There are 2 protein chains.
Amino acid sequence: MTIISAEVPASGRARRASGLRSEATILQAAERVFAERGFKGASMSEIAAAAHMPKPNLHYYFGTKEALYRAVLTDILETWLGEADAFVPDGDPAQALGSYVRAKMRWSRERPHASRVFANEVLHGALFIGPYLSDDLRRRVEQKGKVIEGWIRGGRMARVDPRALFFMLWAMTQTWADFAVQVHAVLGVADLSEAAYDAITEEVVAFALRGCGLDADGRPPAT
Amino acid sequence: MTIISAEVPASGRARRASGLRSEATILQAAERVFAERGFKGASMSEIAAAAHMPKPNLHYYFGTKEALYRAVLTDILETWLGEADAFVPDGDPAQALGSYVRAKMRWSRERPHASRVFANEVLHGALFIGPYLSDDLRRRVEQKGKVIEGWIRGGRMARVDPRALFFMLWAMTQTWADFAVQVHAVLGVADLSEAAYDAITEEVVAFALRGCGLDADGRPPAT
DNA sequence: GGCGTGTTTGACCGAACGGTCAATATGTTC
DNA sequence: GAACATATTGACCGTTCGGTCAAACACGCC
């Protein structure tokens with residue numbers, strides 16, 4: 001994650017416990033507000049209010065609004081990659097793809113704000129994380145894509161373009177966080193219970209596995 | 001679409017040709033700028049510049065920024081619904097789902113700005129189109145969902161929750177417009193050629209059909 | 001060719017926002 | 001407990017932005 005430069009203030013400073021706590025509080029509040037309003041739509045005052053502290057504190061810890069936004073993005077990308085590594089090449093395809101999809105679904109459930117900030121950033125041109133996308137993420141996709149191509153050559157799953165597959169999996173899993181409002185509106189509910197979300201997760205897993213030409217039990221395709 | 005109230009100026013006015021032209025130009029420019037910057041991020045000055053006219057013109061035709069935004073959304077929703085009706089219940093499931101997915105993919109290709117404005121709106125809480133989502137869209141999904149349930153009961157496709165299916169199909173098709181920057185970055189290209197996009201379209205169609213337990217030729221599932 | 005309505009334009013206003021500063025409070029270290 | 005660095009705060013500043021206004025322009029009809 002070295003691509004995203006911006007970091008917390010001077011690293012060599014003797015931080016105090018309250019300072020670290022304040023910083024974490026600000027980051028959390030900022031993630032929520034950026035998710036709800038977008039970068040431009042979010043105001044430093046609103047973030048400050050959400051963090052229960054006066055505005056200059058934010059500038060004290062992060063300097064500028066842009067730096068704060070970068071810090072939020074860095075934080076998000078780190079966990080995003082963590083989940084991304086749920087994709088383990090050993091075992092059969094159904095196993096690997098299934099747990100990958102489940103990990104992504106869990107991430108959408110547990111960090112919906114993070115997902116929305118990320119979506120908003122990409123939607124508006126990825127001005128800040130562009131380099132990361134075309135370097136780090138690209139390498140990872142290429143790498144995992146090779147594994148999938150191996151499975152396809154071995155007749156262990158249907159012929160699917162690996163890159164296209166990843167885009168579809170990301171879309172199918174992140175939509176539950178990013179477009180939650182639409183989901184709730186169409187389903188006519190105010191929120192999704194844990195049980196309902198788990199059921200949806202299994203729907204997505206089953207759909208994705210079938211899409212790859214695999215049953216839930218991981219039987220290879222007829223083709 | 002009566003839910004979205006805002007409309008062009010006084011209806012009873014004797015419009016002139018140049019006026020209608022200006023209005024259309026503004027709408028088009030606004031769609032692009034709103035897509036790139038979001039609602040808050042877009043400034044009336046930038047839209048005016050994009051439309052090659054001074055700022056007061058926008059207020060003359062649409063009153064406020066919010067009204068202009070509503071007009072853009074209304075325009076988008078109309079075409080979105082048009083494509084949505086590509087889902088025809090006659091014929092076999094593979095035929096219906098296939099052309100639905102193709103229509104959605106075509107929409108993402110031809111009106112990427114519209115897709116992004118829509119995505120941004122939902123992402124940030126659907127403050128303007130919320131009522132539309134829970135009324136009009138909800139009814140449509142329920143309706144088409146019944147058709148799908150019929151197919152499932154008839155053993156003509158795999159058991160998939162119809163609502164979940166629609167969310168996944170929307171996600172899988174709109175991601176190519178909304179996250180185009182990510183797609184380009186990961187693929188390492190500046191743009192997708194028509195041919196490349198057509199190939200992706202077929203990947204998505206095949207994946208979706210298999211996900212529903214259908215081959216490309218529409219053979220019903222073994223289950 | 002003049003008159004009225006639709007249209008275009010530059011100059012201007014108040015509010016909101018990002019950011020700064022100087023002053024104060026709080027810990028930590030010796 | 002004195003001295004110093006960290007942390008917190010209220011008041012303030014310049015800029016940007018949405019919106020307005022009054023004046024000018026252009027088209028169509030008699």
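The chains referred to below are lettered A, B, ... by the order of the sequence lines, with proteins before strands, and numbering in each begins at 1. Bear in mind that the values here come from a model prediction, so they are computed numbers and not experimental data.
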Visitor: Can you tell me the distance, in whole Å, between the CG atom of A:Leu68 and the P atom of C:dC17?
Guide: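 Answer to the nearest Å: 16 Å.
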Visitor: Whole Å only: how far is the CG atom of A:Leu58 from the C1' atom of C:dG18?
Guide: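 It works out to 11 Å between those atoms.
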Visitor: So, the side chain of A:Glu149 versus the backbone of A:Pro162: is there a donor-acceptor pair under 3.5 Å, distance only?
Guide: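 Not a single qualifying donor-acceptor pair exists.
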Visitor: Please report the distance, rounded to the nearest Å, between CZ in A:Phe39 and P in C:dC17.
Guide: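 So the CZ-P distance, A:Phe39 to C:dC17, works out to 14 Å.
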Visitor: In whole Å, I'd like the distance from the CZ atom of B:Arg37 to the P atom of D:dG18.
Guide: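 Roughly 12 Å, once rounded to whole Å.
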Visitor: Can you tell me the distance, in whole Å, between the CD atom of A:Glu23 and the P atom of D:dT6?
Guide: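 Atom CD in A:Glu23 sits about 14 Å away from atom P in D:dT6.
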Visitor: Return the value, rounded to whole Å, for the distance between atom CD of A:Glu66 and atom P of C:dG18.
Guide: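 So the CD-P distance, A:Glu66 to C:dG18, works out to 13 Å.
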Visitor: Could B:Arg163 and B:Glu142 be called an ion pair, given the rule that one side-chain N must be under 4.0 Å from one carboxylate O?
Guide: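 B:Glu142 and B:Arg163: not salt-bridged.
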Visitor: Can you tell me the distance, in whole Å, between the CD1 atom of A:Ile26 and the C1' atom of D:dA7?
Guide: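 In whole Å, D:dA7 C1' and A:Ile26 CD1 are 11 Å from each other.
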Visitor: Give the table of side-chain donor-acceptor pairs shorter than 3.5 Å for residues 44-56 of chain B, with sequence neighbours excluded, one pair per line with atom names and distance.
Guide:
from    : atom 1 : to      : atom 2 : distance (Å)
B:Glu46 : OE1    : B:Arg37 : NE     : 3.0
B:Glu46 : OE2    : B:Arg37 : NE     : 3.0
B:Glu46 : OE2    : B:Arg37 : NH2    : 3.1

Visitor: Just by protein heavy atoms under 4.0 Å, how would nucleotides 8-17 of chain D read 5' to 3' in B, S and -?
Guide: BBB-------
Visitor: Are B:Arg139 and B:Asp135 within salt-bridge range, i.e. N to O under 4.0 Å?
Guide: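 No, B:Arg139 and B:Asp135 are not salt-bridged.
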Visitor: Could you tell me the separation between the NE2 atom of A:His59 and the C1' atom of C:dG19, rounded to a whole number of Å?
Guide: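 Rounded to whole Å, this separation is 5 Å.
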Visitor: Look only at the side chain of A:Gln174 and the backbone of A:Ser108, and say whether a donor-acceptor pair between them is shorter than 3.5 Å.
Guide: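 No.
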Visitor: Can B:Lys65 be said to sit on top of B:Phe34's aromatic six-ring, NZ or CZ under 6.0 Å from centre and within 45° of the ring axis?
Guide: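 Cation-pi check for B:Lys65 and B:Phe34: fails.
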